[in-house]
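Proteins come first, then strands; the chains are lettered A, B, ... in the order of their sequence lines, and each starts at number 1. Values below: every heavy atom of this structure, side chains too, minus hydrogens, waters and symmetry copies. All figures in this text were calculated on a predicted structure; none of them were measured in a lab.
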Amino acid sequence: MKFKSLKGTRDVLPGESHRWQYVEQAIRSVMHRFNYREIRTPVFEETALFARGIGELTDIVGKEMYTFTDRSETSVTLKPEMTASVIRSYIQNNLGEQLPLVKVYYLSPMFRQERPQAGRLRQFHQFGAEAIGGQAAAIDAECLALAMEVYRTLGVTNMSLKINSVGCEQCRPAYRELLQGFLSNVREKLSAESQKRFDANPLRILDSKDEGDKSLTARAPLMKDHLCKECADHFVELQSTLLAQKIPFEIDGRIVRGLDYYTKTAFEIVSTDLGSQDALAGGGRYDLLVEQLGGKPTPSVGFAAGIERLLMVMDQAKLFSGNEPHPFLFLAAADDDGRAWASKASMELRRAGIATELDLLGRSLKSQLKEADRQKADYVLVVGAAELAKNAATLKQMATGDHRTIGLSDLAAEINKLSS
RNA sequence: GUGUCCAUAGUUCAGCUGGUUAGAACGCCAGGUUGUGGCCCUGGAGGUCGUGGGUUCAAGUCCCACUGGACACCCCA
């Protein structure tokens with residue numbers, strides 16, 4: 001084998017593509033129910049957009065981006081997430097001038113050069129939504145409800161929604177100092193990773209997986225208990241809205257999003273059926289981002305969800321009914337006359353909307369029947385010189401083995417009667 | 001980027017301490033049934049044993065490197 005797909009990339013093969021289509025179609029239909037419209041942005045952008053949008057100090061920007069210089073010496077990057085691109089497009093196209101609240105969704109490949117593992121690839125796919133232009137907690141709630149509704153629609157149950165508030169520029173600095181004050185007592189005992197985060201991003205120490213860190217921070221102050229009035233009210237309103245909408249959630253004061261732009265609401269949807277990479281979706285509010293990227297101050301919320309992880313969970317819960325696309329009718333040719341007829345008839349049937357297959361390899365009748373079986377064709381019509389002479393042929397229903405004679409003059413109409 | 005384990009037909013795997021032409025099952029192709037699938041029987045095709053080096057009289061088997069995979073750390077969807 002000469003060429004192989006690059007590390008951390010995968011082909012979606014013909015035998016599994018219907019699963020993707022099924023899930024994608026479900027996502028689109030939920031999005032439309034919530035009145036979100038699709039936005040498609042280029043797979044690559046100017047590198048600086050992500051550096052500014054996601055945060056220069058994040059791991060994504062620091063060491064995971066696929067960045068290269070194109071032939072005109074421009075530094076470009078394959079999108080590692082969608083929000084920065086969506087906001088860029090929002091500003092560039094003045095979407096906010098046409099609508100006060102812009103609600104968009106996407107379904108797109110993303111690229112991050114990480115070491116692959118369960119539920120993590122270098123090219124992976126996300127769906128997500130952004131509601132740009134409103135600060136009401138009702139919008140946060142709708143965004144969470146939207147994500148949860150996708151999973152509910154698809155039958156995913158083993159998961160939980162965890163919410164938190166990470167505050168805003170009013171209350172976070174003071175809390176940060178409070179936290180650093182608490183942590184400075186135990187700083188030397190923290191894991192090496194957490195010690196590095198002490199200055200850059202102390203909030204992240206709270207969701208360290210290290211057992212030592214966990215016990216050291218067990219009694220650390222949490223942002224949600226030190227919110228300013230506005231953030232606290234917002235968080236309370238979010239909770240009461242979720243309760244009223246009967247969306248189950250739990251508060252997890254240690255959730256901190258890794259991207260720099262989050263304010264107030266932060267959330268994750270976590271699966272109990274996945275391995276270490278158990279987050280199905282994550283997101284939150286980002287009230288400062290639009291302004292940071294050069295737009296007017298525009299409070300916004302959004303989320304992103306991994307499609308491969310969703311597929312894994314659904315696979316485990318056996319949520320794919322397995323109705324792959326298959327031919328409705330297989331035209332089996334008994335001889336050369338039959339072959340010539342099948343070639344012509346297949347086109348008429350296909351034009352009439354009937355999924356039709358025929359033998360293109362010149363194989364024996366027995367092989368054609370086997371092929372029809374393997375393809376899960378509903379019906380097989382065997383045609384040769386004898387049938388053409390009578391202008392009628394035997395139609396066999398594969399599942400039952402039943403035979404019946406059917407006229408060939410208005411075949412498409414006859415076949416269409418069967419499928420209804 | 002770090003760590004652990006792994007790499008043999010299309011697929012899942014076997015191949016004992018290195019020893020003659022590398023096997024099985026399933027799948028694929030053909031025939032048994034000269035015009036009817038699934039079951040059964042018979043036959044067939046298919047492998048430079050991930051790649052490159054090394055040790056040895058001899059390497060799928062031992063050693064090294066590389067590449068790729070799985071999982072975890074990190075990070076995140």
Undergrad: Students often get this wrong, so: under 4.0 angstrom with heavy atoms, is A:Gly128 touching a base, only sugar-phosphate, or nothing?
TA: nothing
Undergrad: Identify whether any heavy atom of A:Leu280 sits under 4.0 Å from a base atom; if not, whether one sits that close to sugar-phosphate; answer base, sugar-phosphate or nothing.
TA: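 Result for A:Leu280 = sugar-phosphate.
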Undergrad: Is the shortest side-chain N to carboxylate O distance from A:Lys196 to A:Glu193 below 4.0 Å?
TA: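 Between A:Glu193 and A:Lys196 there is a salt bridge, with a charged N closer than 4.0 Å to a carboxylate O.
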Undergrad: Any non-hydrogen side-chain atom of A:Leu146 less than 4.5 Å from a side-chain atom of A:Tyr36?
TA: yes
Undergrad: Sequence neighbours excluded, which residues qualify as salt bridge (charged side-chain N to carboxylate O under 4.0 Å, His left out) partners of A:Glu64?
TA: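 For A:Glu64, no residue satisfies salt bridge (charged side-chain N to carboxylate O under 4.0 Å, His left out) once neighbours in sequence are set aside.
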Undergrad: Any donor-acceptor pair under 3.5 Å between the side chain of A:Arg120 and the base of B:A77?
TA: no
Undergrad: Between P on B:U36 and CG on A:Leu381, what's the gap in Å once rounded to a whole number?
TA: 15 Å
Undergrad: Scan A:Ala279 against the nucleic acid and name what it touches under 4.0 Å (heavy atoms): base, sugar-phosphate only, or nothing.
TA: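 A:Ala279: backbone/sugar contact only, no base atoms under 4.0 Å.
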Undergrad: Return the nearest nucleotide to the side chain of A:Glu193; candidates are B:A77, B:C74, B:A72.
TA: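 Of the options given, the side chain of A:Glu193 lies nearest B:C74.
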Undergrad: Kindly say if A:Arg363 contacts the phosphate of B:A30, meaning a side-chain N or O under 4.0 Å from OP1 or OP2.
TA: yes
Undergrad: Rounded to whole angstrom, note down the C1' distance from B:C66 over to B:C13.
TA: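 After rounding to an integer number of Å, I get 26 Å for this pair.
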Undergrad: For the P atoms, the ones on B:G37 and on B:G15, what distance do you get once it is rounded to whole angstrom?
TA: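 To the nearest whole Å, 40 Å.
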Undergrad: For a 4.5 angstrom cut-off between non-hydrogen side-chain atoms, does A:Arg37 reach A:Val102?
TA: no
Undergrad: Nearest whole angstrom, please: distance from the P of B:C76 to the CD1 of A:Ile307.
TA: 20 Å
Undergrad: What pairs with A:Lys79 under salt bridge (charged side-chain N to carboxylate O under 4.0 Å, His left out), at least two apart in sequence or on another chain?
TA: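 So A:Lys79 forms no salt bridge (charged side-chain N to carboxylate O under 4.0 Å, His left out) with any residue.
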Undergrad: Which whole number of Å gives the distance between the C1' atom of B:C41 and that of B:C63?
TA: 49 Å
Undergrad: Between N or O atoms, less than 3.5 Å apart, protein on one side and nucleotides 4-12 of chain B on the other: list the pairs.
TA:
none

Undergrad: Looking at A:Asp278 and A:Arg309, is any side-chain nitrogen of the basic one under 4.0 Å from a carboxylate oxygen of the acidic one?
TA: no
Undergrad: Provide, to the nearest angstrom, the distance between the CD atom belonging to A:Glu64 and the P atom belonging to B:C74.
TA: 13 Å
Undergrad: Starting at NE2 of A:His125 and ending at C1' of B:A77, how long is that distance when rounded to a whole Å?
TA: 13 Å
Undergrad: Run the salt-bridge test on A:Glu16 and A:Arg19 with the 4.0 Å N-O cut-off and return the result as yes or no.
TA: no
Undergrad: Got A:Arg404 and A:Leu418 here, is their nearest side-chain heavy-atom distance under 4.5 Å?
TA: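 In contact.
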Undergrad: Would you mind classifying the nucleic acid contact of A:Ala386 as base, sugar-phosphate or nothing, using non-hydrogen atoms under 4.0 angstrom?
TA: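 The answer is base, as A:Ala386 lies within the cut-off (heavy atoms under 4.0 Å) of a base atom.
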Undergrad: Using a strict cut-off of less than 4.0 Å between a Lys/Arg side-chain nitrogen and an Asp/Glu carboxylate oxygen, indicate whether A:Asp207 and A:Arg204 qualify as a salt bridge.
TA: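 Salt bridge between A:Asp207 and A:Arg204, a charged N being under 4.0 Å from a carboxylate O: yes.
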Undergrad: Kindly state which residues belonging to residues 403-413 of chain A come within less than 4.0 angstrom of RNA chain B, counting heavy atoms of the residue only, listed by number.
TA: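 Residues of residues 403-413 of chain A under 4.0 Å from RNA chain B: none.
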Undergrad: Expressed in angstrom and rounded to an integer, what is the separation of A:Leu121 atom CG from B:C71 atom P?
TA: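 Value for this atom pair: 9 Å.
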Undergrad: How many whole angstroms separate atom CD of A:Gln117 from atom P of B:G69?
TA: 13 Å
Undergrad: Respond yes when some side-chain nitrogen or oxygen of A:Ser367 is under 4.0 Å from OP1 or OP2 of B:A30, and no when none is.
TA: yes
Undergrad: Hey, which sits more toward the 5' end of RNA chain B by its nearest nucleotide, A:Leu365 or A:Asp210?
TA: A:Leu365
Undergrad: Let me know, please, whether A:Asp207 or A:Ala385 comes out on the 5' side of the other along RNA chain B by nearest nucleotide.
TA: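 Of the two residues, A:Ala385 wins.
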Undergrad: Under the criterion side-chain contact (heavy atoms from CB on, under 4.5 Å), I'd like the reasoning laid out for A:Val86 against A:Ile132: C-alpha separation, chi angles, the key distance, then a yes or no.
TA: CA-CA 10 Å; A:Val86 170; A:Ile132 310 161; 3.9 Å; yes
Undergrad: Roughly how far apart, to the nearest Å, are B:U11 and B:G18 at atom P?
TA: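 Per the computed distance, 29 Å lies between those P atoms.
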Undergrad: So does A:Arg204 get a side-chain nitrogen or oxygen closer than 4.0 Å to the phosphate oxygens (OP1/OP2) of B:C76?
TA: yes
Undergrad: Taking B:C26 as the reference, what is the distance to B:G43 when you measure between their P atoms (whole Å, please)?
TA: 14 Å
Undergrad: Using whole Å, report how far CG of A:Asp59 lies from C1' of B:U2.
TA: 14 Å
Undergrad: So what's the dot-bracket for RNA chain B: Watson-Crick or G-U pairs under 3.5 Å, [ ] if a pair crosses, | if it pairs off-strand?
TA: (((((((..((((.....[...)))).(((((.......))))).....(((((..]....))))))))))))....
Undergrad: Answer yes when A:Arg285 and A:Asp140 have at least one side-chain N-carboxylate O distance shorter than 4.0 Å, and no when they do not.
TA: yes
Undergrad: Pick the P atom in B:A7 and in B:U12, then give their distance to the nearest Å.
TA: 13 Å
Undergrad: Kindly indicate whether a cation-pi arrangement holds for A:Arg187 with A:Phe198, taking the cut-offs as under 6.0 Å to the six-membered ring centre and within 45° of the axis.
TA: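 Here A:Arg187 passes the 6.0 Å and 45° test against A:Phe198.
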Undergrad: Could you please spell out the steps behind the side chain to side chain donor-acceptor pair (under 3.5 Å) verdict for A:Arg152 and A:Thr157?
TA: CA-CA 7 Å; A:Arg152 198 198 62 81; A:Thr157 52; over 6 Å; no
Undergrad: Just by protein heavy atoms under 4.0 Å, how would nucleotides 37-53 of chain B read 5' to 3' in B, S and -?
TA: BB---------------
Undergrad: Say you pick atom P in B:U34 and the same atom in B:A22; how far apart are they, in whole Å?
TA: 39 Å
Undergrad: Say you pick atom P in B:A14 and the same atom in B:A77; how far apart are they, in whole Å?
TA: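 These two P atoms come out 39 Å apart once rounded.
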Undergrad: Test A:Gln25 against A:Arg28 for side chain to side chain donor-acceptor pair (under 3.5 Å), laying out the working first.
TA: CA-CA 5 Å; A:Gln25 174 271 323; A:Arg28 289 178 191 285; over 6 Å; no
Undergrad: Of the candidate nucleotides B:G35, B:C76, B:A70, which contains the atom at the shortest distance from the side chain of A:Arg10?
TA: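 Within the option list, the nearest is B:A70.
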Undergrad: Which word best sums up how the rings of A:Tyr22 and A:Phe320 line up, parallel for under 30°, tilted for 30 to 60°, or perpendicular for over 60°?
TA: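 Ring orientation of A:Tyr22 relative to A:Phe320: perpendicular.
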Undergrad: Can a salt bridge be assigned to the pair A:Arg120 and A:Glu308 using a cut-off of 4.0 Å between side-chain N and carboxylate O?
TA: no
Undergrad: Show your working on side chain to side chain donor-acceptor pair (under 3.5 Å) between A:Glu371 and A:Gln375 and close with a plain yes or no.
TA: CA-CA 6 Å; A:Glu371 190 58 31; A:Gln375 300 272 347; 2.8 Å; yes
Undergrad: Rounding to a whole Å, what distance do you find between A:Asp337:CG and B:G35:C1'?
TA: 14 Å
Undergrad: Give A:Gln113 one of three labels, base, sugar-phosphate or nothing, depending on what nucleic acid heavy atoms sit under 4.0 Å from its own.
TA: nothing
